[in-house]
Amino acid sequence: MAIDVSSAPSYPRGTAVRSIAQIGQVIAPPVATALAYLLAAKAGAWLAFPSAPVSALWAPNAILLAALLLARREHWWIYLLAILPFHFFVQLPEIPVTRVAIQYFANCGEAVLGAWAILQLCPHPRRFDRLRTVVVLILMAGFVAPAVTSLAMVGAFALSGIDADYALTTVVRTITNTFAISALVPLIVHGVDGMKAARQQVPLWRVLEAVLLTIILAAVCILVFAMPAGGSPRPAAWLFAPLPLLAWATIRFRVPGACSAVLLVGAISTWGVLNGHGPFDVANPIENALSIVAFHVVICVTFVFMAALLEEWRHASRALGVSEGLHAAVLGSVHDQIAVLDNAGTIIEVNESWRRATQLAHPARFDRILAGESYLDACARAAESGQRAAVEHLATLRDVLDGRETRCHFEYQEPAGMEPAWIEVTVEKLRRTEGGAVVTRTDISARKRAEHEARVRQQQLTHLGRAAVLGQLSGAFAHELNQPLTSILGNAEAALRMIAGGNVDPKEITEILRDIVHDDLRASQVIDRLRALLEKGDLVRRPVDLNATIREVLDLAKGELITRHVHVDTVLDSRAPVVMADRVQMQQVVLNLLMNSCDAMSAMPVADRRVQLSTRFLPEESCVEFSIKDGGCGVQDGELDRIFQPFVSTKPHGMGMGLAICRSVAEAHRGHLWAESTPGSGATFHLQVPVGGVLQ
Amino acid sequence: MNRNHQQPTVFLVDDDASIRTALKRALTAEGFVVSTFESADAFLAGHDPATAGCLVADVAMPGMSGLELQSVLAKRGCGRPIVFVTARGSIPMSVQAMRAGAVTFLSKPVRLTELVAAIREALERDRRDHEERALLSDLESRLTALTSRERQVLELIVIGKLNKQIAAELGAAEKTIKVHRGRVMAKLHVRSVAELVTLTSRVAGRSAGHPPAG
């Protein structure tokens with residue numbers, strides 16, 4: 001049986017258990033912090049100089065600060081409250097209550113101020129392997145916060161009438177805290193975060209190294225700071241003995257290593273001084289204390305800084321490694337051939353595709369060069385020898401390298417005699433201070449071939465469409481051709497008859513022969529027009545007079561129009577200039593639209609079968625508009641655009657290609673073809689062709 | 001009527017001027033009298049159906065087509081024979097034309113001999129039609145000259161009754177019937193009963209509305 005836990009009623013008992021656990025989770029860290037605070041205070045008291053109000057290592061404030069950094073801000077008050085009893089417990093018997101209370105507030109203020117500064121100023125407040133965090137830690141939490149709270153504390157002492165050496169107290173409290181905070185806070189925060197992250201097993205050799213380093217460092221420190229000198233004082237150079245070991249710890253064990261090592265040195269050196277040994281036991285206890293604390297601060301700041309710097313460097317070099325790997329992977333995976341050029345035009349780097357293409361390229365190719373060679377020089381040499389592609393290469397490269405352009409591209413065909421190929425070259429400015437460029441070569445032969453094939457297909461389709469329309473009109477063409485043939489035959493037989501009858505009038509025979517010539521020319525004109533329409537030729541862009549085109553089409557379709565009883569009106573704008581177009585394709589469009597209009601009217605009474613063909617010059621749009629208006633059945637609103645799609649036909653036996661082809665012809669001339677219609681009262685088709693039309 | 005003294009006319013209707021010129025030349029050279037028109041309407045305007053002649057018409061013409069012209073003529077009761085000449089003929093079109101009584105349906109370009117033969121046939125038909133029409137109107141006028149008694153006698157003669165039978169049927173003397181019979185023969189200008197039967201059957205066929213024999 002499944003129970004939906006989330007919807008099950010919650011019992012008071014369960015709630016209580018849960019809330020106790022929650023309270024435990026909230027309470028445990030502050031309690032632990034308070035205990036640590038207590039121990040640290042005890043240790044601080046133990047490390048205090050007997051005759052001076054100075055402890056060599058006052059850690060409680062640093063522990064509180066670290067705890068605040070690890071805690072949520074709204075729980076800070078719990079921590080501050082938690083340490084209160086312990087603070088008093090440690091100090092009370094010997095020290096007056098007022099003083100202990102003032103110290104309590106000073107310590108809390110210092111920790112809160114330091115933690116707040118770090119949280120405010122650092123994007124990664126818990127990462128002390130960042131230079132920014134470490135600087136804020138040392139300056140704000142380690143120096144400014146203790147200094148400010150120390151001044152406030154001695155001010156409170158003065159107000160409360162507590163007698164003390166105010167200046168000394170301020171200085172000593174500040175610098176001991178500087179050391180403790182700088183060394184302990186990173187250690188605690190990284191330690192706790194490390195434990196939480198449940199890192200993988202630390203390798204044994206690393207543990208051994210840490211143990212070995214600790215032993216050596218401890219031994220050296222004992223030797224330097226805690227062994228009796230035995231008569232003559234040791235040379236000052238002994239002080240430097242721990243430094244290489246500190247460096248070792250810093251380099252190998254990073255920020256926690258540096259902190260731990262510094263703390264160890266601090267502990268042993270303090271113990272030495274307290275026992276009257278080492279280089280710092282030179283004068284009165286106060287001076288001894290100050291000088292050893294100053295020494296601690298110096299080594300602490302130095303090595304924690306160094307550790308953070310090393311981390312930053314490691315981080316940067318890791319990022320660099322990643323970016324280099326990325327760069328190599330991207331270049332390698334691209335099929336295009338890529339070369340990176342410096343600002344002098346020399347190739348710095350090429351990708352695998354470029355290398356391969358260069359190996360396979362024809363030896364005569366000028367751009368058959370690799371890294372280290374000058375692309376610019378190769379182009380210049382080839383340009384001098386008259387290679388057209390190289391001239392273009394050179395100009396483009398110079399434009400980009402000299403900063404006139406940021407991105408250029410051009411296409412060229414591989415020189416004759418080689419395998420025909422189309423290459424697209426892109427030159428892009430390299431966005432860096434030293435300048436340079438990236439040259440990308442792409443083999444676009446496949447695309448060019450596809451484009452060519454599409455063009456050929458389109459032409460074939462256009463031709464087929466034309467042939468189909470002409471097929472519909474074959475009867476009309478027979479009519480157009482038979483008319484002159486009838487005249488010729490009639491005239492010829494008349495002449496024969498006259499000659500046979502002996503009734504030969506040379507004047508009449510001449511007239512007959514002249515008529516025969518005229519009719520023969522008329523017949524051949526029909527054939528010429530038909531042949532032109534049926535030819536498969538490429539697009540030929542020539543000045544075309546649309547008015548003349550319309551008249552020719554009407555001539556050609558005359559028989560058909562008569563048979564279908566369609567009456568044609570023309571309103572041709574004599575101002576219309578010529579358009580640059582393919583004459584045959586223009587005829588095709590006019591003929592196709594005319595036949596469509598005739599079809600649309602086939603069910604109308606004979607008297608209503610009227611078509612108006614008109615032209616209009618539109619100077620603002622710089623185009624000539626041809627319109628054909630019929631009185632047919634019209635086109636439904638929703639169909640107006642659909643009828644131009646292939647295989648869409650409103651006729652019972654239509655293929656649905658006519659208008660699609662007409663529109664593609666219009667588009668190839670950068671023109672427009674569209675329809676308007678009021679259903680029931682006919683349709684009007686408009687074709688606009690730009691005057692300076694450019695064919696695609 | 002002066003028709004018999006005049007040469008018949010070939011009425012040529014075609015929208016193509018070159019064709020009109022060429023065919024007129026050729027037909028004139030063949031000895032025909034040719035009159036040309038550029039459209040059906042031009043032909044119909046002021047056309048005298050009594051004029052002897054035939055029509056040579058194009059089918060596909062702007063305005064009224066050749067076939068439409070044929071039906072207009074038929075409606076007007078003008079049975080002028082028509083030879084169609086077309087540059088773009090189709091079988092249904094020719095069937096329609098022939099059904100409506102066209103002489104023939106020729107394709108352009110047409111050989112002169114074919115055209116001439118068709119025109120001759122058309123003119124012949126026109127002549128025969130005319131003769132028949134003349135004969136019939138003559139006959140009808142002769143029939144109207146009969147008295148009602150003579151008409152009754154005639155009706156019985158043509159169904160093969162003898163004088164005696166007729167007399168019995170009409171309640172008259174056989175002699176009287178003989179006299180009537182003689183008058184009918186004289187008025188209708190016939191010499192035998194067989195001739196009389198042929199004549200009357202022609203008039204009957206005509207008034208029953210049979211199309212002219214082709």
Side-chain angles (χ1 to χ4, degrees), chain A residues 473-505 507-523 526 554-555 557-569 606-607 609-610, chain B residues 10 12-32 34 36 38-40 56-69 71 83-94 96 105-119:
Chain A
L473 288 172
S474 58
F477 294 138
H479 178 267
E480 283 311 296
L481 210 53
N482 279 332
Q483 292 288 84
L485 290 180
T486 306
S487 302
I488 291 169
L489 190 59
N491 276 318
E493 293 202 287
L496 285 173
R497 189 70 191 76
M498 285 170 191
I499 291 163
N503 170 26
V504 181
D505 176 2
K507 239 170 99 185
E508 186 148 23
I509 296 288
T510 311
E511 211 172 299
I512 287 173
L513 291 174
R514 202 173 282 141
D515 282 354
I516 288 176
V517 170
H518 172 258
D519 283 319
D520 192 285
L521 290 176
R522 197 174 130 199
V526 172
L554 287 176
D555 251 17
K558 197 168 84 188
E560 185 72 14
L561 293 169
I562 289 170
T563 311
R564 290 169 171 242
H565 301 284
V566 173
H567 186 268
V568 177
D569 294 313
V606 172
R609 296 185 196 167
R610 304 182 81 89
Chain B
V10 176
L12 177 63
V13 183
D14 198 313
D15 60 308
D16 192 309
S18 321
I19 291 180
R20 287 199 302 271
T21 314
L23 290 185
K24 185 177 182 176
R25 263 183 202 136
L27 293 174
T28 309
E30 284 290 337
F32 293 105
V34 181
T36 60
E38 60 167 5
S39 70
V56 175
D58 188 13
V59 177
M61 287 186 291
M64 195 187 292
S65 76
L67 296 178
E68 284 163 342
L69 175 60
S71 69
V83 173
F84 283 114
V85 182
T86 181
R88 192 190 173 188
S90 66
I91 292 168
M93 204 187 270
S94 60
Q96 190 196 334
F105 201 92
L106 301 172
S107 289
K108 286 181 187 173
V110 61
R111 290 303 307 259
L112 190 56
T113 48
E114 278 178 67
L115 184 60
V116 166
I119 289 171

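Letters go in sequence order (proteins before strands), and every chain restarts at 1. All values below were derived from every heavy atom in this structure, side-chain atoms included, with hydrogens, water molecules and symmetry-related copies excluded.
In this structure the side chain of A/N491 reaches within 4.5 angstrom of the side chain of B/R25, judged on heavy atoms. Looking only at side-chain heavy atoms (C-beta outward), A/Q483 and B/D14 come within less than 4.5 Å of each other.
In this structure, CE on A/M498 lies 10.5 Å from CD on B/E30, to the nearest 0.5 angstrom. To the nearest 0.5 Å, atom OG1 of residue A/T486 and atom CG of residue B/L106 are 11.0 Å apart. The distance from atom CG of A/D515 to atom CD1 of B/I19, rounded to the nearest 0.5 Å, is 12.0 Å.
Residues B/D15 and A/K558 are not paired through a salt bridge, judged by the lack of any N-O separation under 4.0 Å between the basic side chain and the carboxylate.
With a 4.5 Å cut-off on non-hydrogen atoms, A/L489 touches chain B through its side chain but not through its backbone. Neither the backbone nor the side chain of A/H567 comes within less than 4.5 Å of any heavy atom in chain B. For B/R111, the parts sitting under 4.5 Å from any heavy atom of chain A are the backbone and the side chain alike. At a 4.5 Å heavy-atom cutoff, the contact between A/E508 and chain B is made by side-chain atoms alone. Proximity to chain B (any heavy atom under 4.5 Å) is shown, for A/L561, by neither the backbone nor the side chain.
Of all heavy-atom pairs spanning B/A22 and A/S487, the tightest one is CB-O, 3.3 Å. Heavy-atom minimum distance, A/N482 versus B/A87: ND2-O, 3.2 Å. Listed here is the closest heavy atom pair of A/G490 and B/A26: O-CB, 3.6 Å.
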Verdict with supporting geometry, A/E493 and B/L115, side-chain contact (heavy atoms from CB on, under 4.5 Å): CA-CA 11 Å; A/E493 293 202 287; B/L115 184 60; over 6 Å; no

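The most heavy-atom pairs under 4.5 Å with chain A, out of B/L23, B/D58, B/V110, B/T21, come from B/V110.
Shown here is B/I91, whose CD1 atom has no more than 12 heavy atoms of other residues, nucleotides or ligands within 6.0 Å.
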